[in-house]
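After the structure tokens below, expect a handful of questions from me.
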Amino acid sequence: MTEPLPAIPPRRRGGRGAVAARFAAHRGAVAGLLVLAAIVALTLFGPLLHRIDPQYLDYLDRNQGMSWKHPLGTDNLGRDLLAQVLSGGRVSLAVGTSAMLLGLALGTLVGVLAGFVRWLDGPLMRLVDLFLALPLLPLLLVVIMLFRDSLRAAFGPETGIFLLIVFVIGVTSWMQTARIVRGEVLALREQEYVLAARAIGTRPRRIVTRHILPNVLSPIVVSAALGVANAILLESALSFLGLGFPSDFPTWGRLLFDGVNFMSLHPTRVIWPGLAISLTVLSVNYIGDGLRDAMDPRGDLPPIAGGARRNRRGRLGVLLATRRNGRRVLQGKGE
Amino acid sequence: MLSYTLRRLAFAVPTLLAISFIVFAILDLAPNDPTGSLPLTIPPEVRADIRRQLGLDQPMPVRYLKWCVQFFWNEPLALLERWTGVSLGAAEGRLRVISWSTRAPVLDLIVERLPQTLWVIGMSYVIGVLIALPIGVISAYRQYSWFDQLGTFVSMVGYSVPTFFTGLLLIVAFSIKLQWLPSVYDTGHRVTDWDSFWFQVRQMLMPVAVLALYNAAQISRFLRASMLDNMDQDYVRTARAKGLRERAVVWVHVLRNSLIPVVTVIALGFPQALGGAVITEQIFRINGIGQLLIQGVYSADIPLVQTLTFLFAVMIVLFNLVADLLYAVLDPRVRYD
């Protein structure tokens, strides 16, 4: 009892530099960032170097293997596979990012409203529960089947399907973000600086934009990374089932779908697009993992305890924690 | 406990009604014509007649109520009759949910398809859990060892690589290159003797492996996180202090307490896995309910799609309920009433 307690090291300020340093220490995340940067650069600038039109039909060069002219070979209509994978990547990444942004905006809006406006909390959280109980994949298939043609007619074949897919993925993937943001906002609302801001008469909107939002940024950034991965996976799943993008405007998922029928003769037609999806999602997931570790305030703990605590929950552990918190709230209501 | 169960049940009913309305409304608002796939030679009057016969000229709330009656009353009765063989009242006069493309009751189609799905998905889920248990425990116990690092990497790959790519890779490797396993699932196959049993095992191997990897990746991470939460609790130190062997401490004391949240995760994951069956069944050509859904979507068979989508929702709500009840039963620290 008389033994002196070990001195608590001064808490490092979790500034941007500290976050970046911790992120850089996460080997997987750095590797993920490099791979993702390479993929994005390839899809953006690759078509400038590899100047074959992805839709050009070269009947004489059908079903070619790898060669200098066609580095990944050609498909059954003589289209260059590398050009297709590159342009498909642009669409896949664009869909992933836009759908994530939409889902993130919705989730943040719902989360802030539920956490900040007391009477909206109950109804909005019931809405979240309802959306979580929807069977997403079947519902997405149905919505796309039903509205595809009218949207293609209204906005043109390419924009129409793009808008539809981004919309359906975004509208069905905001629930986790909303839950996390709501939890953070509920905790922040009672902090002294927010009370102080309220005391000097700051308008609620200003409190949210000035004091709440900057402080919920880190969970939002983490769910942004996971949201991109999720959106890319969902889009390629839909395209793989033949209900996403059409063949003349292919994404990686659609290329995979088109390649399946030729799989036994030309397995590379499924391997390249599949590898592209997998690498992208894997690197985005690693980045999300690293970001979460870097922004986790527990990362500030002294090294001895920190060694055991840093990264102790996996990516899914965070979901577990939010679920438990949700349960604790439910419990309180039930009593 | 009973009042908690009843309360949760009471909450599930409005959820299901809301979902059924959403599913109905989405399909109803859609600019879609059930007579669209009929030959163009049919005159407009006849088309209008067909629409009237299908009941499409009535206002939407009426049709929703009628659908509810069909779905929540007529179909369960039909199912009961089918199972017991007893006829309950006027079975002939009851309107059933009829598939537009096959003209058969939707329920019969689903009952036909369900066993294949349940076998493959259920089996892969069980195997996934069995793989995840030791991996999760060892990764947590030897945190940051090479085993844990490997486990982290494999599970990251497991839930980053989509099942439709792993499935195709397995087909390319084992069906096309090595020709060891069949790539198409033969549902008509009957297990009668040792050879046919072996064939059944071989054709289930790839779909089950793909899904088991995916499920094991997720569950093992949950278990690892949960084990780590429990590992430095006081009761673990007490167990060690009273001289229990390390094996007993980890595999009995820590594991039992760590499984509480994981069991609910397992329960919550099952309907997700069923939804994912849509993709797996498409890859391996298994004619289960996932493939039925895709067929329904392609042929614009609204009643079939409606029923299947709603059934998936029922599964989700049901397993949510199961997860909550399991949590209440398993965790004595939580008292609900």
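Throughout, a chain's letter reflects where its sequence line sits, starting with A, and its residues are numbered from 1.
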Portion of V305(B) that has a non-hydrogen atom of chain A nearer than 4.5 angstrom
side chain
Which bit of F153(B) comes within less than 4.5 Å of chain A, counting heavy atoms only: side chain, backbone, both or neither?
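Contact with chain A is through both the backbone and side chain of F153(B).
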For atom CZ of F167(A), is the number of surrounding heavy atoms from other residues, nucleotides or ligands below 6.0 Å larger than 12?
no
So do the side chains of P162(B) and S278(A) get within less than 4.5 Å of each other, counting heavy atoms only?
yes
Do F312(B) and L137(A) have side chains that approach each other closer than 4.5 Å (heavy atoms only, starting at C-beta)?
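Result no, sub-4.5 Å side-chain heavy-atom pair not found.
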Hey, are the side chains of V297(B) and L241(A) touching, using non-hydrogen atoms and a 4.5 Å cut-off?
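V297(B) vs L241(A): side chains apart.
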Which bit of V284(A) is near chain B, if near means a heavy-atom gap under 4.5 Å: side chain, backbone, both or neither?
neither
Engaged part of Y286(A) at the chain B interface, taking heavy atoms whose separation is under 4.5 Å:
both
Do V143(A) and I26(B) touch side chain to side chain, with heavy atoms closer than 4.5 Å?
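In short, these two side chains touch, coming nearer than 4.5 Å.
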To check you understand the geometry: which heavy-atom pair defines the closest contact between A133(A) and V317(B), and what is its length?
CB-CG2, 4.0 Å
Given side chains that start at C-beta, do those of K177(B) and P267(A) come closer than 4.5 Å, heavy atoms only?
yes
Taking every heavy atom of F165(B) against every heavy atom of V270(A), the minimum-distance pair comes out as CE1-O, 3.6 Å
How many angstroms lie between CE in M145(A) and CD1 in I302(B), if you round to the nearest 0.5 Å?
5.0 Å
For atom OH of Y298(B), decide whether the heavy atoms of other residues, nucleotides or ligands shown that lie under 6.0 angstrom number more than 12.
yes
Name the region of L132(A), side chain, backbone, both or neither, that has any atom closer than 4.5 Å to a heavy atom of chain B.
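The backbone, not the side chain.
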Contact part of L274(B) toward chain A, heavy-atom cut-off under 4.5 Å: side chain, backbone, both or neither?
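Nothing of L274(B), per the 4.5 Å heavy-atom cut-off to chain A.
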Examine whether an atom of V278(B) lies under 4.5 Å from a heavy atom of chain A, and if so say whether it belongs to the side chain, the backbone or both; otherwise answer neither.
both
Report the distance from atom OG of S160(B) to atom CG of L279(A), rounding to the nearest 0.5 Å.
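Answer rounded to 0.5 Å: 10.0 Å.
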Is any side-chain heavy atom of L136(A) less than 4.5 Å from a side-chain heavy atom of Q272(B)?
no
Contact part of L139(A) toward chain B, heavy-atom cut-off under 4.5 Å: side chain, backbone, both or neither?
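Contact with chain B is through both the backbone and side chain of L139(A).
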Measuring heavy-atom distances to chain A, does I171(B) have an atom under 4.5 Å in its side chain, in its backbone, in both, or in neither?
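For I171(B), the contact with chain A is made by the side chain alone.
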Does any heavy atom of chain B fall under 4.5 Å from the side chain of I277(A), the backbone, both, or neither of them?
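Answer is side chain: those atoms of I277(A) sit under 4.5 Å from chain B.
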Out of curiosity, I22(B) CD1 to F131(A) CZ, how far, rounded to the nearest 0.5 Å?
6.5 Å
To the nearest 0.5 Å, what is the distance between OG (S236(A)) and CD1 (I279(B))?
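So the OG of S236(A) and the CD1 of I279(B) are separated by 8.0 Å.
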Let me know if T280(A) has heavy atoms under 4.5 Å from chain B in its side chain, its backbone, both or neither.
neither
Under a 4.5 Å cutoff for heavy-atom pairs, which residue among P273(A), P138(A), G242(A), G259(A) has the most contacts with chain B?
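Looking at each of P273(A), P138(A), G242(A), G259(A) in turn, P138(A) comes out on top.
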Pairwise distance CG(L168(B)) to CZ(F257(A)) - rounded to 0.5 angstrom:
11.5 Å
Within a strict 4.5 Å, meaning less than it, do heavy atoms of the V142(A) and T309(B) side chains meet?
yes
Contact check, side chains of Y159(B) and V281(A), non-hydrogen atoms, under 4.5 Å:
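Contact flag for Y159(B)/V281(A) side chains = no.
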Could you grab the distance from atom CE of M156(B) to atom CG of N285(A), nearest 0.5 Å is fine?
5.0 Å
